[in-house]
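Let me begin by presenting the structure, written as structure tokens, before commenting on it.
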Amino acid sequence: MKRTLIAELPGLISERVRLRGWVNALRDQKRVQFIVLRDETGLAQVVLAKGDPPSELNERLSALTVESAVTIVGTVAADERVNLGGLELKLEELEVDSLAEPEVPIAADSALDKRIDWRYLDLRRPDRKLIFEVQTTAEQAMREFWRKEQFIEIHTPKLMGSASESGAELFKAEYFDRTAYLAQSPQFYKQMAMAAGFGKVFEVGPVFRANPSFTSRHDTEFTSVDVEISWVDSHEDVMSFEERWLAHVLTTVKEAHGEQIAQSFDTALVVPELPFPRITLEDAKELLREAGHDAPPAGHDLDPPSERALSAIVSERHGNEFAFVTDYPTSVRPFYHMRYEDRPTVTKSFDLLWRGIELTTGAQREHRYDKLLAQADEKKVDVGPIQYYLDFFRFGAPPHGGFGFGLTRLLMQMLGQENVREVTFLYRGPHRLEP
RNA sequence: GGGGGCGUAGCUCAGUUGGUUAGAGCGCUGCCCUGUCACGGCAGAGGUCGCGGGUUCGAGUCCCGUCGCUCCCGCCA
């Protein structure tokens with residue numbers, strides 16, 4: 001007998017159906033027994049009258065435990081007494097596929113860390129599963145947009161012989177008789193795709209950061225969304241792609257899940273107006289000071305409190321939750337970011353903030369071999385291990401730019417969550433390698 | 001790496017100025033309840049108070065150390 005999903009029950013009154021799912025709740029009374037069954041599409045009540053003495057079926061239902069996996073056959077009946085959709089299943093057959101132990105180790109209000117210990121139980125809650133439905137829709141919308149604009153998907157290696165950028169610390173791995181490093185970014189390889197003439201590329205994949213960061217928005221392994229575009233005139237071309245792309249993603253997610261998100265997470269997903277406000281770093285600091293906030297001195301990046309304050313100000317003045325901050329000084333940017341011809345200490349770079357959190361860092365890249373070498377030298381980058389990268393620019397490289405984008409941070413903001421761990425299937429942090 | 005907070009029952013927490021057998025709600029076990037739907041009622045089990053040391057007649061409570069969790073900063077997406 002074919003499996004019926006709970007969501008299909010309203011159209012099947014008086015039919016005999018087979019449901020498979022988990023015991024969400026049990027109410028075992030003197031004369032009547034109820035199971036609230038949960039599958040991936042919803043909840044349904046199952047009812048069985050209790051005989052005197054109880055039938056063998058009654059006894060087996062009494063022995064059930066919450067969260068057991070069961071298969072149930074019964075007849076669908078409309079009954080206005082039932083709060084759950086006004087219908088129920090009259091139980092005829094009960095098969096226990098897997099009996100759950102009587103005490104589930106976590107509850108809905110358990111601490112996040114404890115819930116991660118038992119993540120598969122935590123994820124059984126429909127609200128938690130919604131996170132991954134939204135993620136799936138978001139990624140699909142991204143790909144839709146990329147393909148419409150002739151982007152090519154690449155999969156770059158995660159095992160590397162040297163660092164891909166300075167800054168973030170690297171995990172080491174044994175690699176036969178030498179040391180390999182886990183990729184902290186596909187940066188160099190997506191630039192290789194530019195030198196290869198791929199035009200426009202994207203990658204969605206894992207990156208690894210060995211920073212001992214103990215905050216609600218960092219993890220040591222996360223999914224990075226990377227984009228690189230050839231033949232740009234400046235970083236403005238990259239920003240204008242990113243905002244159109246993001247607006248499409250948010251529109252798609254809102255259409256598909258907006259109501260559920262509002263219901264489950266009490267968050268309204270707002271599709272942003274285009275273009276997103278752009279503000280240079282120095283103007284941003286000026287704006288912050290005018291508004292009575294502290295701002296870091298020249299030559300320094302915004303700190304997290306400044307980013308939150310800036311987002312609030314921009315949101316109030318421009319009605320946009322997104323903001324590009326541009327023109328970072330060379331002191332806080334890697335050597336490969338392109339600089340203005342007339343202002344050699346300022347890079348053609350940007351960050352994208354959404355409601356105070358950094359979603360993206362992007363830039364036009366330096367594609368001229370001699371300038372790239374000079375900038376590496378100035379930044380005291382040891383070019384020995386990355387000569388393969390510098391070589392990309394020796395035989396004709398197009399002007400190009402791109403960005404890296406934190407998928408979990410996007411998801412966190414879309415769902416109004418305060419911690420990336422909440423929206424990561426399995427979080428990895430300095431003290432977390434299991435499950 | 002620096003700073004703050006927290007660690008008491010399976011889960012979420014309370015525990016006065018240090019004082020005798022350490023509590024609650026939920027969950028669990030048993031019994032009762034003709035339709036429940038956060039079902040209800042009665043009874044019960046369950047704790048070396050994170051760990052180690054110290055102060056004290058006496059420590060869940062005070063001190064030191066240690067481990068774990070958490071948030072902020074740094075680093076970044």
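Given the structure is predicted, the values throughout are model-derived calculations rather than measurements. Convention: sequence-line order gives letters A, B, ...; per-chain numbering from 1.
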Inset, instruction - Sort out for me which residue in T220(A), D219(A), D113(A) forms a side chain to side chain donor-acceptor pair (under 3.5 Å) with R432(A). - result: D113(A)
Legend entry - Nucleotide rC11(B), atom C1' - distance to CD of E67(A) in whole Å: 14 Å
Report, one pair per line, the protein and nucleotides 32-35 of chain B atoms (nitrogen or oxygen only) whose separation is under 3.5 Å.
{"residue": "rC33(B)", "atom": "OP2", "partner": "K30(A)", "partner atom": "NZ", "Å": "2.4"}
{"residue": "rC33(B)", "atom": "N4", "partner": "D28(A)", "partner atom": "O", "Å": "3.1"}
{"residue": "rG35(B)", "atom": "O6", "partner": "R81(A)", "partner atom": "NH2", "Å": "3.4"}
{"residue": "rG35(B)", "atom": "N1", "partner": "R81(A)", "partner atom": "NH2", "Å": "3.2"}
{"residue": "rG35(B)", "atom": "N1", "partner": "E88(A)", "partner atom": "OE2", "Å": "2.9"}
{"residue": "rG35(B)", "atom": "N2", "partner": "E88(A)", "partner atom": "OE1", "Å": "2.6"}
{"residue": "rG35(B)", "atom": "N2", "partner": "E88(A)", "partner atom": "OE2", "Å": "3.1"}

Legend entry - Test salt bridge (charged side-chain N to carboxylate O under 4.0 Å, His left out) applied to E40(A) - qualifying residues, sequence neighbours left out: R3(A)
Inset, instruction - Would you please confirm or rule out a distance under 4.0 Å between OP1 or OP2 of rA77(B) and any side-chain N or O of N211(A)? - result: no
Legend entry - Interatomic distance where CZ belongs to F214(A) and C1' belongs to rG74(B) [whole Å]: 12 Å
Legend entry - Which residues share a side chain to side chain donor-acceptor pair (under 3.5 Å) with D28(A), sequence neighbours left out: Q33(A), K50(A), S62(A)
Inset, instruction - List in chain and number order the residues that pass salt bridge (charged side-chain N to carboxylate O under 4.0 Å, His left out) with R428(A), two or more places apart in sequence or in another chain; answer none if no residue qualifies. - result: none
Inset, instruction - Could you work out which one of rA38(B), rC72(B), rC71(B) sits closest to the side chain of R217(A)? - result: rC72(B)
Inset, instruction - Grab the CD-P distance between E307(A) and rC72(B) for me, whole Å please. - result: 13 Å
Inset, instruction - Would you write the dot-bracket representation of RNA chain B, where each base gets (, ), [, ], | or . depending on whether it forms a Watson-Crick or G-U pair under 3.5 Å and with which partner? - result: (((((((..((((.....[...)))).(((((.......))))).....(((((..]....))))))))))))....
Legend entry - Sidechain-backbone polar pair: S68(A) side chain, L99(A) backbone, donor-acceptor under 3.5 Å: no
Inset, instruction - Pick base, sugar-phosphate or nothing for S216(A), based on heavy-atom distances below 4.0 Å to the nucleic acid. - result: sugar-phosphate
Legend entry - Short side-chain to backbone donor-acceptor contact, E422(A) and N419(A), under 3.5 Å: no
Legend entry - Proximity to RNA chain B (any heavy atom under 4.0 Å), residues of residues 107-123 of chain A only: A107(A), D109(A), S110(A), A111(A), D113(A), K114(A)
